[in-house]
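Letters A, B, ... are given to chains in the order of the sequence lines, protein chains preceding strands, and every chain is numbered from 1.
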Amino acid sequence: MSNIRVRFAPSPTGALHIGGVRTALYNYLFAKKHGGTFVLRIEDTDQGRYVPGAEDYILESLAWCGIMPDEGQGIGGKFAPYRQSERKDIYQKYALELVANGNAYYAFDTPEELDAKRQAEAAAGNHNFKYDTVSRKVMKTSLSLPADEVQRRLGAGEDYVIRLKMPENETITFTDLIRGEVSFHTSELDDKVLMKSDGMPTYHLANIVDDHLMEITHVIRGEEWLPSTGHHVLLYRAFGWAATMPDFSHLPLILKPDGKGKLSKRDGAKFGMPVFPLGWDAETEEDSFRGFREFGFLPQAVINFLAFLGWNPGTEQEIFSLAELCEAFSIEKISKSGARFDYDKAKWYNQQYLHTADDAELATLVRPLSEAKGYHVSDKYLAQVCHLMKGRATFLPDLVEQASYLFGDVQTFDNEVVAKRWKPESRPVFEALADHLKAQPAFVAAPLEEAVKAFMTDRGLKPGEVMPILRLSLAGTMQGPGVYEMMELLGNERTIDRLAKAFDYFDAHLA
RNA sequence: GCCCCGUUCGUCUAGGGGUCUAGGACGGCGCCCUUUCACGGCGUUAACACGGGUUCAAAUCCCGUACGGGGUACCA
């Protein structure tokens, strides 16, 4: 295959859903795998649903994920413009062409009239009224009205839509790269609106015209489009573009964690997890949310997680860099059934990426968080904190939030453990240990460990009698990095100082 | 309702007629490591929706049923 061109064509009606990100990812991977081009097109043909900021959000999201398009809105390219609202005239021309060659027609019914008609039909027992070969003969269309009447209405500037004229009694078959052969009978298909009364095309018209004009070779999109693909195939035929029609691949949907329907915007709040890549600040708090980024996910982890939600290379490798995904990806390996959003798996992936992340890079990512907490430390120190904490973190903020004692004095002690480990006679022993540590020439983990062990041997002390007190003195809690590593990070002076302060506190809180 | 798509451990999945007493990962449970919490290692738990065919042989092919999902707008 050569000159592969795919597109991601989101609608700027709000934040880009994580399912959309996965669609973009699969398009990106397919393009990269075959040395093709990944195009971003903005489908803003519904003026009523346009949300300011959505387009920027889409670009930012793709950038954060590291899957930037090669061409398209916000990037440029030879098929510009890539925003459909700016291509209005093009669709107009093609819609008229279809009317002229008998594949489409004018319809003058207002939305209200259509509603009334649907209700009347429903009342009469027909619950699936649609605009089709039968009804188009009784509705107000250029097929049912006299030619001069049609001209009069058009001339008078009456509102109209242009509809696709569905052929009678035909079976439309096409091959979906994921599902194989799929077919529809035209008697089941309706006369879809192609051009709305406001002069804007519907998705159906615009996506065919643009995919053709932009020389798209493969359409990889969500399963929700499968039922209308029959219409799309017909449109390619009507335009005489059947020979260059792109291959279709319909992706399985991402389902809610409970499996009841497809994952939606509200599920984020409902299940306490992100369902968008980035956060979104809306007018109301209810409409605002945090994304994977704000939760503290690494984009590489999100990408890896998403890639495996509906796709699998067939090997037992689970961790894949973006480059490895590009190499391993193939449409044939995409599964057919919907995948539940498995948040535990997402967290596991993040943990894996955190563990192997570079300390300095983590420090950079975590800097805003530590500053916000009032922790002003050097880059080197912050990187060292990350080094000690990353093995036990799930989210980026854990690196800072669970390490308060590495940034400042111990704020609270675990009194329960204190009561259990600190005895009235402990003080002289630990003061001797503190003196011993203070005298160490090198305040480095390994030698410190030797020093403490030697001290314990001398005094006939067991680790259980010493280590918990040391840990408690330095961190206040029984959780955290290795004691000797903490000592090294804190340094001689601070370590000794903490021990002294802690011993005072312990004495004061003797049970 | 009608149309389309789907159905392997709780979840994500491997599997594309015999090598399946069905493999991996997440989660759960247990043990080891560590006298911290984790990580890690080891082990364990648990599945071919059902019924008919086809075949010497079916998780794998066909049909039906059930269940699930999607679509059914002058939204994408």
Side-chain angles (χ1 to χ4, degrees), chain A residues 9-13 43-46 48-49 84 107 109-111 114-115 118 122 125-131 159-163 176 178-180 182-185 187-190 192-204 206-207 221-230 250 252-253 255 257 259-262 305 308-319 332-333 335-349 351-352 355 389-394 398 402 414 417 462-468 470-472 475 477-483 486:
Chain A
S11 182
T13 54
E43 311 231 330
D44 58 345
T45 54
D46 185 348
R49 292 211 302 160
Q84 290 187 326
D109 322 271
T110 63
L114 270 175
D115 261 3
R118 255 186 275 270
N126 175 19
H127 289 278
N128 58 331
F129 167 81
K130 61 182 189 299
Y131 230 103
D159 273 359
Y160 66 85
V161 299
I162 294 178
R163 283 180 182 272
D176 183 288
I178 295 172
R179 293 153 206 286
V182 178
S183 44
F184 297 92
H185 193 87
S187 63
E188 304 291 347
L189 273 28
D190 65 339
K192 282 259 180 295
V193 169
L194 263 23
M195 188 64 75
K196 299 181 273 189
S197 58
D198 65 358
M200 278 291 189
T202 57
Y203 169 85
H204 306 295
N207 108 84
R221 68 207 330 184
E223 191 183 2
E224 67 268 29
W225 293 111
L226 192 49
S228 53
T229 306
H250 289 93
L253 266 19
L255 274 20
K260 302 244 176 276
K262 66 174 173 181
F305 164 65
F308 272 67
L309 219 49
W311 173 85
N312 187 293
T315 65
E316 289 184 353
Q317 184 181 345
E318 305 275 341
I319 304 294
E332 293 67 39
K333 290 280 185 187
S335 52
K336 299 178 177 69
S337 47
R340 292 193 200 188
F341 188 84
D342 184 356
Y343 192 47
D344 278 331
K345 198 68 163 271
K347 287 194 284 192
W348 178 77
Y349 268 113
Q351 209 177 58
Q352 296 301 309
H355 292 350
M389 298 302 293
K390 70 181 181 183
R392 60 206 86 230
T394 301
D398 294 346
Q402 294 175 5
D414 186 334
V417 186
K462 291 175 182 163
E465 298 173 281
V466 177
M467 298 311 291
L470 251 25
R471 167 173 298 285
L472 232 29
T477 163
M478 287 307 285
Q479 302 183 351
V483 166
M486 285 197 287

A:Glu188: which residues meet the salt bridge (Lys or Arg N to Asp or Glu O under 4.0 Å) condition with it, sequence neighbours left out?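 So A:Glu188 forms no salt bridge (Lys or Arg N to Asp or Glu O under 4.0 Å) with any residue.
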Can you check the distance between [N] and [M], where both ends of the measurement are the [atom1] atom (answer in whole Å)?
N: B:G24; M: B:C61; atom1: C1'; answer: 27 Å
N: B:C2; M: B:U13; atom1: C1'; answer: 33 Å
N: B:A58; M: B:G18; atom1: P; answer: 11 Å
N: B:C63; M: B:G69; atom1: C1'; answer: 22 Å
N: B:A22; M: B:C9; atom1: P; answer: 14 Å
N: B:G10; M: B:A73; atom1: C1'; answer: 38 Å
N: B:C48; M: B:G23; atom1: C1'; answer: 13 Å
N: B:A49; M: B:C42; atom1: C1'; answer: 34 Å

Using side-chain hydrogen bond (donor to acceptor under 3.5 Å, both in side chains) as the criterion, list what pairs up with A:His185, not counting sequence neighbours.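 If we apply the side-chain hydrogen bond (donor to acceptor under 3.5 Å, both in side chains) test to A:His185, skipping adjacent residues, the hits are A:Asn169, A:Thr171.
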Set of residues satisfying side-chain hydrogen bond (donor to acceptor under 3.5 Å, both in side chains) with respect to A:Asp190, sequence neighbours excluded: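 Checked A:Asp190 against side-chain hydrogen bond (donor to acceptor under 3.5 Å, both in side chains); matches are A:Lys192, A:His231.
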So which nucleotide from B:U11, B:U35, B:C5 ends up closest to the side chain of A:Lys462?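 Output: B:U35.
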Mind checking if [X] touches a base, just sugar-phosphate, or nothing, with heavy atoms under 4.0 Å?
X: A:Arg340; value: sugar-phosphate
X: A:His355; value: sugar-phosphate
X: A:Val182; value: sugar-phosphate
X: A:Pro468; value: nothing

Okay, side chain of A:His355, backbone of A:Lys390: is any donor-acceptor separation there less than 3.5 Å?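 Looks like yes, one N/O pair under 3.5 Å.
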Keeping the roles fixed (side chain from A:Asp44, backbone from A:Gln84), state whether a donor-acceptor pair exists under 3.5 Å.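 Looks like yes, one N/O pair under 3.5 Å.
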Please encode protein proximity along nucleotides 69-76 of chain B as a string of B, S and -, counting only heavy-atom distances under 4.0 Å. SBS--BBB
Can you give one letter per nucleotide of nucleotides 19-33 of chain B, going 5' to 3': B for a protein heavy atom under 4.0 Å from the base, S for sugar-phosphate only, - for none? ----SSBSS------
Rounding to an integer number of Å, can you tell me how far A:Glu332 CD sits from B:A14 C1'?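 So the two atoms are 17 Å apart, to the nearest Å.
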Rounded interatomic separation in angstrom, taking NZ from A:Lys347 and P from B:A38: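 Spelled out: NZ on A:Lys347 to P on B:A38 is 14 Å.
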Watson-Crick or G-U counterpart of [N], or none if no pair lies under 3.5 Å:
N: B:C50; answer: B:G64
N: B:C33; answer: none
N: B:U55; answer: none
N: B:C26; answer: B:G10
N: B:A38; answer: none
N: B:G17; answer: none
N: B:G1; answer: B:U72

Please determine whether any donor N or O and acceptor N or O are separated by less than 3.5 Å between the side chain of A:Arg392 and the base of B:C39.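 No pair found.
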Assess the pair A:Phe341 and A:Phe305: is the distance between their ring centroids shorter than 6.0 Å?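 Yes.
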Value rounded to 0.5 Å, distance of NZ in A:Lys196 from OG1 in A:Thr45: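 These two atoms lie 4.5 Å from each other.
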Most 5' of A:Glu188 and A:Pro463 on RNA chain B, judged by nearest nucleotide: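 Comparing both residues, the 5'-ward one is A:Glu188.
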Hey, which sits more toward the 5' end of RNA chain B by its nearest nucleotide, A:Ile178 or A:Gly310?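 Final value for this comparison: A:Ile178.
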Please list, pair by pair, any protein nitrogen or oxygen found under 3.5 Å from a nitrogen or oxygen in nucleotides 44-50 of chain B.
none

Show your reasoning for whether side chain to side chain contact (heavy atoms under 4.5 Å, CB included) applies to A:Tyr349 and A:Glu318. CA-CA 9 Å; A:Tyr349 268 113; A:Glu318 305 275 341; 3.7 Å; yes
With side chain to side chain contact (heavy atoms under 4.5 Å, CB included) as the test, would you mind laying out the steps for A:Asn207 and A:Trp225 before giving the verdict? CA-CA 12 Å; A:Asn207 108 84; A:Trp225 293 111; over 6 Å; no
Does the distance from a Lys or Arg side-chain N to an Asp or Glu carboxylate O, for A:Arg49 and A:Asp46, drop under 4.0 Å?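 So A:Arg49 pairs with A:Asp46 through a salt bridge.
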